[in-house]
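Below: one structure, written as structure tokens.
Computed from heavy atoms alone, side chains included, the values below leave out hydrogens, waters and symmetry copies. The structure presented is a predicted model; accordingly, all values stated were derived computationally and were not measured.
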Amino acid sequence: MSEPRWVPWARRFVLGFLALFTLIPLYAMVSSSLKPLGDVQGKWEWIPTTLTVQPFFDIWETIPLAEYFVNSLVISGSAAILSVLIAIFAAYALSRFRFRGKDFFKMTVLSTQMFPGILFLLPLFLIFVNIGNTTGIVLYGSRLGLIITYLTFSLPFAIWMLAGYIDSIPKELDEAAMVDGTGPIGALIRVVVPAAMPGIVAVGIYSFMTAWGEVLFASVMTDSGTRTLAVGLQEYSTQVQVYWNQVMAASLIVSAPVVAGFLLLQRYLVAGLTAGAVK
């Protein structure tokens with residue numbers, strides 16, 4: 001049955017509107033990053049009269065952006081890797097084994113996604129401070145503390161998604177590997193992990209993107225030496241001046257790793273989220 005003639009036009013209109021809704025702010029960001037500060041603060045012009053790339057050089061001198069970039073890369077990368085490694089074993093256990101309290105554990109993992117992150121801010125702050133006072137292990141204001149913080153909300157989602165994805169992998173593959181002489185861990189590493197790679201990549205991307213752009217916990221749990229990009233961008237605004245062109249330029253630089261990673265791995269992301277959402 002053919003669709004009505006107005007449907008393709010309606011589809012084009014909706015897609016065109018969504019494209020404009022996305023591209024216009026992006027154009028404003030790019031054009032502002034290529035303007036002198038005076039032009040950005042003056043009357044808005046869609047076509048810049050003066051173009052300059054100087055803001056892309058000034059952003060590294062106005063604030064220690066390179067240091068914040070390294071902090072974000074280390075913290076986000078570590079949180080993503082740890083989330084994936086822990087979630088693989090936890091999801092495999094949930095998918096393949098029966099044990100007492102399994103259903104309760106699964107519901108507990110899922111229920112953690114119901115609460116806003118701000119509810120965990122004060123408890124985590126107090127826990128980190130008390131651990132530091134008692135044991136001397138510095139968690140507050142350290143990269144390790146922020147990595148652990150991000151694991152508290154990325155790991156439950158990672159476990160749930162990977163468990164759903166591994167459920168879609170036939171158990172006969174595990175049994176065939178065990179018949180050949182390998183154990184459960186060997187079957188996981190040799191059979192399940194390669195078959196679940198799209199889901200693993202999707203979980204890794206989600207964990208990295210969540211940590212990369214997080215502001216609430218990073219603004220409280222870090223100091224001047226461990227500050228991340230999401231918080232550090234605020235330093236372009238001072239009591240007497242806001243460097244809007246540098247803010248736009250730095251925002252483009254900050255977005256580049258996430259956009260590049262998403263474009264390179266989008267096929268794994270779509271496949272992983274689709275399969276992991278169906279149980």
Side-chain angles (χ1 to χ4, degrees), residues 22 25-37 40 51-85 117 121 124 128 138-155 158 201-239 241-266 268-269:
T22 303
L26 182 60
Y27 172 78
M29 180 183 296
V30 174
S31 63
S32 298
S33 67
L34 296 174
K35 294 179 181 179
L37 182 59
V40 179
L51 295 178
T52 176
V53 295
Q54 189 60 37
F56 287 91
F57 295 96
D58 294 338
I59 57 177
W60 308 99
E61 299 177 0
T62 304
I63 67 173
L65 187 65
E67 180 181 348
Y68 299 159
F69 195 94
V70 172
N71 288 336
S72 290
L73 191 62
V74 171
I75 292 171
S76 301
S78 300
I81 292 173
L82 289 175
S83 293
V84 168
L85 291 178
L121 182 60
L124 285 172
F128 287 175
V138 179
L139 294 179
Y140 173 72
S142 67
R143 291 177 177 175
L144 177 60
L146 196 57
I147 292 171
I148 296 174
T149 301
Y150 289 157
L151 286 176
T152 60
F153 52 83
S154 65
L155 187 56
V201 173
V203 167
I205 294 175
Y206 166 81
S207 301
F208 184 87
M209 293 176 61
T210 302
W212 186 263
E214 201 279 326
V215 176
L216 176 63
F217 290 94
S219 62
V220 176
M221 297 295 187
T222 59
D223 54 24
S224 59
T226 58
R227 195 162 294 155
T228 60
L229 284 171
V231 179
L233 291 180
Q234 301 176 12
E235 296 182 11
Y236 288 110
S237 175
T238 65
Q239 294 181 352
Q241 185 68 275
V242 179
Y243 300 96
W244 288 112
N245 55 346
Q246 295 187 38
V247 172
M248 297 297 110
S251 299
L252 292 173
I253 298 297
V254 169
S255 304
V258 176
V259 173
F262 179 82
L263 292 177
L264 291 173
L265 302 173
Q266 61 176 338
Y268 293 104
L269 180 64

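In this structure, the side chain of Gln246 does not engage the main chain of Ala250 through any donor-acceptor pair within 3.5 Å. The backbone N or O of Tyr243 lies less than 3.5 Å from no partner atom in the side chain of Gln241, so there is not a single donor-acceptor pair. Proximity of a side-chain donor or acceptor of Ser219 to a complementary backbone N or O of Leu216 within less than 3.5 Å is detected. The backbone N or O of Gly204 lies less than 3.5 Å from no partner atom in the side chain of Ser207, so there is not a single donor-acceptor pair. Remark: the backbone N or O of Val30 is paired with a side-chain donor or acceptor of Ser33 at under 3.5 angstrom.
The aromatic rings of Phe153 and Tyr150 sit perpendicular to each other, their planes meeting at more than 60°, with 30° as the lower class boundary.
Taking every heavy atom of both residues into account, Ile253 and Phe69 meet most closely at O-CE1, 4.3 Å. Shown here for Thr226 and Ile75, the closest heavy-atom pair between the two residues is O-CD1, 4.3 Å. Closest heavy-atom contact between Arg227 and Glu235: NH1-OE2, 2.6 Å.
Results of the side-chain contact (heavy atoms from CB on, under 4.5 Å) test with Tyr236 over Asp58, Thr62, Asn245 single out Thr62 as the only residue that passes.
Separation of the Tyr68 and Trp212 ring centroids does not fall under the 6.0 Å cut-off.
Between the side chains of Ser154 and Ser83, at least one donor N or O lies within less than 3.5 Å of an accepting N or O.
In this structure, Arg143 has no salt bridge (charged side-chain N to carboxylate O under 4.0 Å, His left out) partners at least two apart in sequence or on a different chain.
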